[in-house]
Amino acid sequence: MADIPALLAALDVFTRTPDKASLDKANTWLQEFQHSPEAWSTCNVLLLSPDAPLSAKIFAAQTFRTKVTYDLSQVDPANLPAFRDTLLAALETYKLGPRNIVVQICLALAGLAMQFPSWDNAVETMINKFGSNPSTVPTLLQFLTLLPEELHTNHRVPITDDEWHDRLSILVTGNVHKVLDLLTVYIQASGVTTEIQSQIFACLRSWIVSGEVNLSDLTSSPLLGFAFEAISSDQLFDSAVELICDIIHETQEIDDNMALIELIVPRVIALKPLLSKDHENPDRIRGYARIFAEAGETYRMMIVRHTETFYPIMEALVECSAYPDLDIVPITFQFWSRLAQVIGKKSSVPPLFAQAYRSVMTVIIKHLQFPPDDTPLSGQEAEDFRAFRHVMGDTLKDCCDVLEAESCLLATYEMISNALLHNRDTLSWQEIEAPLFALRSMGAVVDPKDDNSVPKILHLIPQLPLHPRVRYAALLIISRYTEWINMHPNFIQPQLQYISAGFEVADLEVSAAAGQALKYLCQDCKQHLVEVLPTLHTFLHTIASKLLQDDRRKIYEAIAHVISAMPMEKAAESLKSFCLDILAIIHAVANKTGQATKQELQAASDGLENLEAMLYVIGSFGEELPIACQNTCQEAWSIFRVFLSKYGSDSELAERTSRVLRYGLSFFDRAVLPVAAEVVASMSMGFQATSFPSYLWIGGKLVGRFGDEEDQNLHAAFSELFRHATNKLVNLLQVQPAGNLSDVLDDYVQLSMQVLHQTPDIYFDPSTFPLAFQATCAALTVVQSDVVCSALDVFQEIFHHQCLDPSTPNPPNFITYAHTIHNVLESQGAVFLGLLLMGLIGDFPPETDSLVISIFRIVATIWPTQMLAWLPDVLQRMPSTSVPVQVKHKFLADVTTAITSSKFDQVRYSVINFHRESRRARDRRRTAALDK
């Protein structure tokens with residue numbers, strides 16, 4: 001066996017810590033070896049050789065499993081019985097382990113049984129060979145556990161659906177009773193070990209989950225009783241919990257499984273006292289919680305109909321919800337949610353349900369509390385707890401669905417008011433903040449017509465302690481209740497005062513919450529706040545310098561919402577007033593003699609962000625601008641033009657400015673036309689000087705909006721933009737990999753699509769198109785899916801352009817377009833084809849498959865001779881680890897046949913088959929990587 005030394009050497013690489021190149025080389029060699037027919041005999045020698053290293057034996061077992069899945073066609077059907085016997089002999093050899101070898105051989109046998117129709121008695125064979133000797137029973141149980149799993153999950157085995165159904169019926173369905181009887185014998189055998197019992201439970205789970213077991217068979221089987229008895233065993237506890245949960249889950253067809261359910265439910269209820277007995281053992285409580293939650297979810301309709309009988313399950317779940325370990329508590333949440341969906345549809349809620357949900361609400365609010373200040377959370381722990389509080393908030397909403405929001409809000413309000421009344425001096429901020437957070441969560445389901453609980457809550461807010469965490473929570477309550485406040489405008493002024501005071505607090509989170517509260521208050525109550533806009537303007541000037549930029553931006557957003565509610569002419573005047581304040585800052589920086597300071601540039605950047613926020617909210621005033629805005633487009637551009645010429649090489653400022661220009665284009669629309677050519681020229685120069693993609697982004701937006709205008713100056717500007725952008729990008733690609741330029745490629749491809757649609761004479765210019773095609777090809781090599789999709793869309797548009805359709809008369813310029821495309825494909829077709837096929841079998845997103853196939857077909861139709869000339873070399877360059885050699889040969893033969901017979905629809909099917917086979921090879925590589 002000449003391969004064995006090389007195989008051992010390749011495996012040895014993984015036992016050391018070599019460089020990545022050595023690892024990749026060894027991995028490639030091993031994958032190619034696994035593809036080879038010689039792997040069968042080599043692995044057989046290694047697996048049965050007592051002197052082979054363990055790593056080689058494991059690899060041999062993995063290879064058998066892989067080759068059974070993918071390469072069984074390499075074995076002569078007449079030799080399959082001998083191969084089966086080889087695997088059985090290997091399983092006998094490794095009956096004592098290692099387990100990973102046993103598992104791989106069992107999987108190989110299961111895969112073989114799926115594809116070996118004459119081996120109908122596979123289960124019987126295994127029972128006869130391994131079922132009598134106590135030392136081989138674990139091996140048998142391993143096979144029986146894996147068999148149904150493999151049949152249901154290994155979709156890579158090359159058999160038809162009909163063949164799969166036949167094998168499933170013969171191998172699994174037909175052996176259910178035999179396996180259940182066997183497990184029953186084993187579980188009752190004298191001297192049976194806990195290890196065997198655990199395997200029995202795992203095996204039973206596998207057959208139940210496969211859906212082949214008739215659950216009524218368990219009513220007369222001792223296996224169910226043994227599972228519940230095993231709860232008392234520390235060694236069997238986990239496997240018993242898993243089995244019980246799966247059995248309960250599979251009884252969801254209540255009427256069909258009532259006899260079994262009648263046996264399960266009393267046993268589940270009997271576990272309830274163990275919650276107290278094992279209270280100090282969180283691992284056991286977790287297991288009990290899983291059983292009760294599964295029973296509750298599965299039998300929730302029976303709980304509703306027969307509440308008194310099933311109420312102990314609910315009581316147990318309340319106990320689990322109250323458990324201090326917050327990893328256990330959420331196990332119950334799905335039950336409370338699904339039960340609430342049922343109860344919420346009833347006209348009245350039975351008292352026991354109301355009692356349970358009130359208890360849950362109380363314990364959840366308790367869980368919401370942050371730990372004491374002397375044991376604070378930090379780092380990831382704190383982040384996780386904050387995220388979990390929102391999950392708990394969803395359960396509070398479930399409580400509102402059952403108890404009604406008003407009732408829950410009042411109960412929570414009373415928690416706070418009573419605490420403030422009786423022990424305000426000793427009250428910790430955690431005890432106040434938790435119910436405030438609850439009020440915020442439950443605010444999502446508040447009734448806008450609630451005139452009882454919400455007024456009390458809002459009146460309570462100014463009386464709360466001044467602790468920053470309390471103020472933060474209170475401000476976020478205001479944010480959540482703004483829709484209610486809009487319907488009760490007499491509450492606006494007190495909330496504005498509380499919000500304004502929040503901006504004065506030094507704590508950054510409090511001022512951020514104040515900004516958010518103001519934004520939502522102005523958004524939802526904007527029509528009531530029009531009269532106070534001057535006050536907001538004054539407030540902004542007074543407080544702005546003390547705030548972080550993020551908070552300032554929220555205030556500008558809030559003001560924009562109020563402006564949007566004003567009559568158009570008045571809104572235009574107000575918007576202009578605020579915008580001129582911002583533009584004055586930018587103008588001062590742009591026209592300053594010498595360089596602006598870092599602080600001045602930051603102020604300009606912040607101003608641009610604030611202006612963007614306002615324009616985003618306002619959107620547009622419609623087709624005809626108000627008088628106040630009719631000249632502001634040219635005035636604003638005159639400021640931005642100077643600003644960009646001086647500071648456009650700063651990436652942040654260029655990005656900020658481009659975003660403002662984008663919203664300015666939407667706002668001014670056709671009013672941009674007088675300066676559009678100048679803006680385009682500025683974008684072109686900006687990209688040439690800096691390579692920032694934001695300049696291409698705005699250029700593409702302008703082409704998309706004004707590309708069809710009959711304006712020679714603007715058309716010339718578009719032409720210069722696209723030509724310069726293309727040349728610049730191609731130069732960049734010569735010194736940097738495409739992966740480093742994904743943002744630039746993204747915006748360039750978007751620009752290309754707009755130019756192709758709106759100004760095809762510019763796109764198909766013979767001096768520019770070859771480079772544009774080359775640059776778009778580079779976009780196919782990046783990992784960002786959206787860039788690849790956009791590039792493929794461009795190619796689809798190119799190759800489906802009407803100029804390439806010989807069946808329709810085309811104008812002279814279309815003839816020029818077609819000639820240009822043909823010339824480019826002659827020189828770049830092979831490279832393009834390689835990128836297309838490598839992407840299809842590699843990293844292209846799945847949603848592009850149909851697009852790639854369509855492009856390949858149209859290229860083969862228009863350039864059939866060239867396709868047959870390109871394809872052999874393209875396939876030769878593709879690594880055999882990605883596409884097996886035989887798959888390449890078949891693809892080339894299929895495409896050649898389709899093209900030479902002019903059956904171009906067959907090209908499409910050839911690509912589909914090529915993709916399917918390469919995907920199988922990719923799945924094989926991934927499986928091999930996981931096995932390692």
Side-chain angles (χ1 to χ4, degrees), residues 512 515-516 518-520 522-523 526 533 536-537 540-541 544-545 547-564 571-572 574-590 596 600-621 625 628-629 632-644 646-648 650-669 671-672 675-676 679 682-683 686 690 692-702 704-705 743 747 750:
Q516 182 170 323
L518 182 62
K519 182 179 83 170
Y520 285 114
C522 290
Q523 177 178 317
K526 53 191 175 186
L533 185 61
L536 290 173
H537 200 168
L540 179 61
H541 280 293
S545 61
L547 300 177
L548 293 177
Q549 165 56 16
D550 191 52
D551 300 330
R552 279 196 296 270
R553 177 183 53 77
K554 288 175 183 174
I555 295 177
Y556 275 102
E557 282 185 60
I559 289 170
H561 282 296
V562 177
I563 291 174
S564 70
S574 297
L575 179 63
K576 183 176 181 180
S577 174
F578 282 95
C579 290
L580 287 176
D581 289 346
I582 297 172
L583 289 172
I585 298 171
I586 300 168
H587 180 270
V589 171
E600 289 170 332
L601 291 177
Q602 187 60 54
S605 176
D606 294 344
L608 289 166
E609 186 181 13
N610 297 333
L611 184 55
E612 175 196 344
M614 295 195 77
L615 291 174
Y616 172 77
V617 172
I618 297 297
S620 169
F621 283 137
L625 287 172
C629 299
T632 51
C633 180
Q634 292 92 322
E635 295 169 1
W637 171 243
S638 67
I639 295 173
F640 288 128
R641 177 176 51 78
V642 177
F643 183 74
L644 283 174
K646 196 168 184 181
Y647 299 108
D650 182 299
S651 59
E652 181 183 346
L653 293 175
E655 175 69 21
R656 288 276 181 225
T657 305
S658 67
R659 294 182 71 84
V660 173
L661 293 177
R662 171 69 186 91
Y663 289 115
L665 175 60
S666 299
F667 180 81
F668 288 110
D669 197 38
V672 174
V675 297
V679 177
S682 178
M683 298 302 104
T690 66
F692 294 158
S694 54
Y695 291 116
L696 296 181
W697 180 52
I698 294 302
K701 296 298 181 184
L702 287 162
R705 179 61 187 89
D743 289 344
D747 286 311
Q750 297 297 335

Judged by atom type as modelled, is there a donor-acceptor pair below 3.5 Å linking the side chain of [X] to the main-chain atoms of [Y]?
| X | Y | result |
| --- | --- | --- |
| Ser605 | Gln602 | no |
| Arg552 | Leu547 | yes |
| Tyr647 | Ala596 | yes |
| Tyr695 | Thr690 | no |

Any chance the side chains of Arg662 and Ser658 put a donor and an acceptor closer than 3.5 Å?
-> no
Any chance you could measure Leu625, atom CG, to Phe667, atom CZ, to the nearest 0.5 Å?
-> 6.0 Å
Any chance you could measure Leu536, atom CG, to Leu518, atom CG, to the nearest 0.5 Å?
->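 Output value for this atom pair is 6.5 Å.
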A side-chain contact here means heavy atoms from C-beta on lying under 4.5 Å apart; do [X] and [Y] qualify?
| X | Y | answer |
| --- | --- | --- |
| Met683 | Leu644 | yes |
| Met614 | Leu575 | yes |
| Trp697 | Arg659 | yes |
| Tyr663 | Ile618 | no |
| Glu655 | Phe692 | no |

Kindly determine whether Leu653 and Phe643 satisfy side-chain contact (heavy atoms from CB on, under 4.5 Å), including the steps that lead there.
-> CA-CA 9 Å; Leu653 293 175; Phe643 183 74; 4.0 Å; yes
Report the C-alpha separation of Ser620 and Asp669 in whole Å, then their side-chain angles, then the decisive distance to 0.1 Å, and conclude whether the side-chain contact (heavy atoms from CB on, under 4.5 Å) test is met.
-> CA-CA 9 Å; Ser620 169; Asp669 197 38; over 6 Å; no
Between Arg656 and Asp606, is the closest basic N to carboxylate O distance under 4.0 Å?
-> no
Go through Leu583 and Leu611 one step at a time and tell me if the side-chain contact (heavy atoms from CB on, under 4.5 Å) criterion holds.
-> CA-CA 9 Å; Leu583 289 172; Leu611 184 55; 4.2 Å; yes
Under the side-chain contact (heavy atoms from CB on, under 4.5 Å) rule, what do Phe640 and Ser682 come out as? Steps first, then yes or no, please.
-> CA-CA 10 Å; Phe640 288 128; Ser682 178; over 6 Å; no
His587 NE2: over 12 foreign heavy atoms closer than 6.0 Å | no
Evaluate whether atom OH of Tyr520 has more than 12 neighbouring non-hydrogen atoms of other residues, nucleotides or ligands under 6.0 angstrom away.
-> no
